[in-house]
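Written below as structure tokens is the structure these notes are about.
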Protein chains: 2
Amino acid sequence: MLGIGKLSAATGTKVPTIRYYEEIGLLPEPERTSGNQRRYAPAQVDRLRFIRHCRDLGFPLADIRALLDLGDDPDRSCESADTIARHQLAEVERRLASLASLRQELCRMIDQCAGGTVADCRVIETLADHANCISDRHGHPDRRDASGRPRAPDTTGSTAA
Amino acid sequence: MLGIGKLSAATGTKVPTIRYYEEIGLLPEPERTSGNQRRYAPAQVDRLRFIRHCRDLGFPLADIRALLDLGDDPDRSCESADTIARHQLAEVERRLASLASLRQELCRMIDQCAGGTVADCRVIETLADHANCISDRHGHPDRRDASGRPRAPDTTGSTAA
DNA sequence: GATGGGATCTCTAGTAACTAGAGCTTCAAG
DNA sequence: CTTGAAGCTCTAGTTACTAGAGATCCCATC
């Protein structure tokens with residue numbers, strides 16, 4: 001039986017995130033101490049690790065939920081799990097292709113920047129004119145928002161390129 | 001002078017998105033008809049195209065705002081624009097590398113799925129055990145949330161792999 | 001000039017997956 | 001027994017939009 005802090009440390013999940021997962025029903029409500037603090041059984045460590053690993057792989061929580069449901073019933077066919085994984089793979093490949101084209105365009109833009117004033121800057125100019133694009137639509141990497149890509153530690157602090 | 005619907009059609013931007021951009025100050029408040037409807041000058045088409053193109057390239061709105069500010073002052077050095085573009089490129093490359101590793105792991109998982117029951121399913125098992133990972137952390141593609149990847153049309157409808 | 005229906009208006013709320021902070025209580029080490 | 005770290009709940013904010021309700025407007029046709 002471990003407290004939320006230990007669970008957090010054991011899985012690399014932030015404490016508020018654990019509570020959030022509980023709130024949305026991904027983690028079961030744990031036992032509580034007489035003082036109302038959460039105490040987790042070791043099995044919850046595995047469950048949370050599973051969730052985090054899936055998140056690292058880019059699975060949305062809805063899919064993880066489906067996977068967890070599957071896991072609760074070991075005699076079922078694993079067809080669904082396979083399907084989910086294949087979808088995720090397709091998604092990843094789509095994003096890879098899209099990013100590759102973005103990379104090309106960004107490189108081209110940067111290469112052409114002579115470093116003068118904004119008036120002659122190729123970066124600005126290129127961005128201003130979609131007609132110059134290599135691909136006309138950049139492939140629309142994904143449509144699921146606010147996620148879809150592996151979540152991250154938030155320690156970077158960068159404004160993000 | 002065109003209405004919001006025409007601007008929408010001319011730029012491939014949804015109408016509510018245009019209003020949203022106005023709300024957050026990316027687009028200036030346009031003139032209005034006596035009946036309170038927005039009428040846009042042709043210059044706004046270009047500005048909105050610029051914004052959309054940047055979004056397609058994965059730039060967050062904050063960066064686009066910076067770029068637009070630069071563009072408003074053509075005599076300034078384009079150093080900042082260059083820096084922003086380089087950051088964005090670095091970001092894209094980081095995500096590319098990360099996705100490549102995800103792809104590998106997903107492929108491996110799927111290849112090993114023999115199609116039996118969940119109990120023997122390699123997909124479930126692999127997901128359950130982070131220790132089997134190829135990379136231990138999958139590279140943490142990015143930390144800026146709820147965006148950071150090119151937005152998309154939302155027409156896919158897929159639950160997203 | 002009337003009319004009708006598509007386009008627009010504002011406003012609120014919802015999405016995904018968290019994160020941050022306030023203000024208070026509990027636990028455990030010394 | 002004290003004290004400070006860790007935990008509690010609750011609200012609100014983040015990003016970039018999207019959806020819907022209910023009212024109004026514009027313009028093309030008759």
Side-chain angles (χ1 to χ4, degrees), chain A residues 1-9 12-27 29-40 51-52 54-56 58-65 140-157 159-160, chain B residues 1-9 12-27 29-40 48 51-52 54-56 58-65 141-157 159-160:
Chain A
M1 284 309 188
L2 51 173
I4 200 169
K6 297 294 161 69
L7 179 61
S8 164
T13 314
K14 285 179 185 163
V15 169
T17 303
I18 295 174
R19 291 198 271 249
Y20 168 71
Y21 286 164
E22 180 184 326
E23 190 188 316
I24 63 171
L26 268 191
L27 287 177
E29 294 183 17
E31 290 174 37
R32 300 281 185 136
T33 63
S34 56
N36 202 34
Q37 301 198 350
R38 292 168 177 81
R39 286 304 117 122
Y40 294 92
I51 295 169
R52 289 275 88 191
C54 290
R55 289 294 298 131
D56 280 339
F59 291 81
L61 292 183
D63 286 357
I64 298 173
R65 203 184 291 270
H140 290 309
D142 66 351
R143 100 260 52 100
R144 137 217 328 163
D145 203 71
S147 132
R149 27 77 280 165
R151 119 259 91 140
D154 194 294
T155 43
T156 327
T159 310
Chain B
M1 284 310 187
L2 50 172
I4 199 168
K6 298 293 162 69
L7 180 60
S8 165
T13 314
K14 287 180 185 162
V15 169
T17 302
I18 295 174
R19 291 199 272 250
Y20 168 72
Y21 286 164
E22 180 184 328
E23 191 188 316
I24 63 170
L26 268 190
L27 286 176
E29 294 183 16
E31 290 174 36
R32 301 278 186 140
T33 63
S34 56
N36 202 35
Q37 301 198 349
R38 291 168 178 82
R39 287 302 117 125
Y40 294 92
L48 185 49
I51 295 170
R52 290 274 88 194
C54 289
R55 289 294 298 131
D56 280 339
F59 290 82
L61 292 182
D63 285 357
I64 297 173
R65 203 184 290 269
D142 65 353
R143 99 261 50 103
R144 138 215 329 159
D145 203 72
S147 131
R149 27 74 286 164
R151 118 263 91 140
D154 195 296
T155 42
T156 326
T159 309

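In this text, all values refer to a predicted model and were calculated from it rather than measured experimentally.
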Side-chain N,O (B:K14) to OP1/OP2 (D:dT18) below 4.0 Å: yes
For D:dT24, does either OP1 or OP2 sit under 4.0 Å from a side-chain N or O belonging to B:R32? no
How do A:E23 and A:R39 order along DNA chain D: which one's closest nucleotide is nearer the 5' end? A:R39
Got a second to check how far A:I18's CD1 is from A:L7's CG, nearest 0.5 Å? 4.0 Å
Within the structure, does a side-chain N or O atom of B:Y21 lie under 4.0 Å from either OP1 or OP2 of D:dA16? no
Nearest nucleotide by nearest heavy atom, which residue falls closer to the 5' end of DNA chain C, A:Y20 or A:Q37? A:Y20
Could you tell me the separation between the CG atom of B:N36 and the C1' atom of C:dA7, rounded to a whole number of Å? 14 Å
Starting at the 5' end of DNA chain C and moving along, which residue's nearest nucleotide shows up first, A:T33 or A:T17? A:T17
If you compare every side-chain N and O of A:R19 against the phosphate oxygens of D:dC8 (OP1, OP2), does one of them come in below 4.0 Å? yes
What integer distance in Å separates A:I18:CD1 from C:dT19:P? 11 Å
Calculate the interatomic distance between A:I4 atom CD1 and D:dA5 atom C1'; express it in whole Å. 15 Å
Compare side-chain N and O positions of B:R55 against OP1 and OP2 of D:dC17 and report whether any pair is under 4.0 Å apart. yes
Can you tell me if the side-chain N/O atoms of B:R38 get under 4.0 Å from OP1 or OP2 in C:dT8? no
In whole angstrom, give the distance that lies between atom CG of A:L2 and atom P of C:dA28. 12 Å
Keeping the roles fixed (side chain from B:T13, backbone from B:S8), state whether a donor-acceptor pair exists under 3.5 Å. no
From CZ (A:R55) to CG (A:L61), nearest 0.5 Å: 5.0 Å
D:dA16 P sits how many Å from B:L27 CG, rounded? 14 Å
